[in-house]
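Since the structure comes first, as structure tokens, the remarks are kept for the end.
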Amino acid sequence: MKACIDIGGTKVAVSLSSGAGLELLARRSEPTAMTGSNDALARQVLRMVDAACAEVGIAPEAVLGAGVSSCGPFTLRDGLVEVAAPNICGGLAGPARGLPNNWTSALLEAPLRERFSELRIENDGIAALEAERRWGALQGFAHCAYVTWSTGIGVGLCVDGRVLRGKNGNAGHAGHMFVSDNKDALCGCGNIGDVEALVAGNALPRRFAALGYADSASLLIAARAGDAGAVATIDDVCRVMGRALYNLVVTLDLQRISLGGSVFWHHRDFLLPRLQAQISGKLAALTDGFLLVPAGLEDKVGDYAALALVL
């Protein structure tokens, strides 16, 4: 039995896999721990694994391995992964970001190594990319990417059939590309005006609360209902996100990008054509034949991303 762990800026999900196909057992989800000492996240994960074991009636010691799909970036301390995620660690951008801690990183690998004899930790964009290439919309593509539009913006990249990882496993953090000098767009990483600060799920209410939109869902619902101001706002947001996708396509000569994440998934029919329009017809030598598609694993990408690391 192995644990499948999905760590995001909003929630942590844990399930168990017996190794028999894609079945996940005892799935549970909680808001991501962000208070107390910086080992709180690792302690939360271990507690949730124990609870999953209790649900299916097995001893925790029977879970020998774990796959961890986690938001990043990662930092390495003594060769072990810690999470320096802008949506978790409040010490990166400071009090203006409003997170309830002053962490600059959260312990992850060291506490988990004490528990699991087999452990694989990957950036959640990379893990989701592997899942989409094995079971989803990127099967058979050697030049592709997975992009999540959720609490943050995550990306996994594959070129020439090889998944890109980078020096610390952080390849694909394209959400932190600078695209604007907009002073109302403070990212959790401390940057002002990067993609994530402008369009991520937690950025939209910060930027547009004064217009009456308490969260990204209410803004998108208003746009879909035809509210002119909301439509104009979403068109601007899609221009930023679409240009970021275009930059990936022309930089890496991609065939396909699959899109997931809560912001995108719940409004995919409304958002997808607006994003594709930022790519189609531009520099045909690089964009002809390219396609944006919804994630083949739908809203279960995070679960299967962790599973891809243990199967």
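- Between Ala137 and Pro294 the shortest heavy-atom distance is CB-O, 3.8 Å.
- Hydrophobic cluster membership differs between Ile153 and Leu186, with clusters built from Ile, Leu, Val, Met, Phe, Trp and Tyr side chains linked at under 4.5 angstrom.
- At a cut-off of 3.5 Å, with distance as the only test, a side-chain donor of Ser218 or Asp215 sits close to an acceptor on the other residue.
- We find that Asp50 and Arg115 are joined by a salt bridge, their nearest charged nitrogen and carboxylate oxygen being less than 4.0 Å apart.
- The pair Arg165-Glu122 meets the salt-bridge criterion, since a charged nitrogen lies less than 4.0 angstrom from a carboxylate oxygen.
- Once rounded to the nearest 0.5 Å, the distance linking CG of Leu220 with CG of Leu271 reads 5.5 Å.
- Counting only N and O atoms by type, the side chains of Glu196 and Asn87 include a donor and acceptor under 3.5 Å apart.
- Side-chain atoms of Ser117 come within 3.5 Å of backbone N or O of Leu64 as a donor-acceptor pair.
- Taking the charged nitrogens against the carboxylate oxygens, Arg47 and Glu30 do have a contact shorter than 4.0 Å, which makes a salt bridge.
- In this structure, the side chain of Trp149 does not engage the main chain of Trp265 through any donor-acceptor pair within 3.5 Å.
- A side-chain N or O of Thr10 and one of Thr151 form a donor-acceptor pair less than 3.5 Å apart.
- Within 6.0 Å of the CZ atom in Arg28, the count of heavy atoms belonging to other residues, nucleotides or ligands exceeds 12.
- A donor-acceptor distance shorter than 3.5 angstrom exists from the side chain of Glu132 to the backbone of Gly296, with no hydrogens or angles considered.
- Between Arg224 and Asp269, at least one side-chain nitrogen of the basic residue sits less than 4.0 Å from a carboxylate oxygen of the acidic one, meeting the salt-bridge criterion.
- If you chain together hydrophobic residues whose side chains sit under 4.5 Å apart, Val195 and Val237 fall into the same group.
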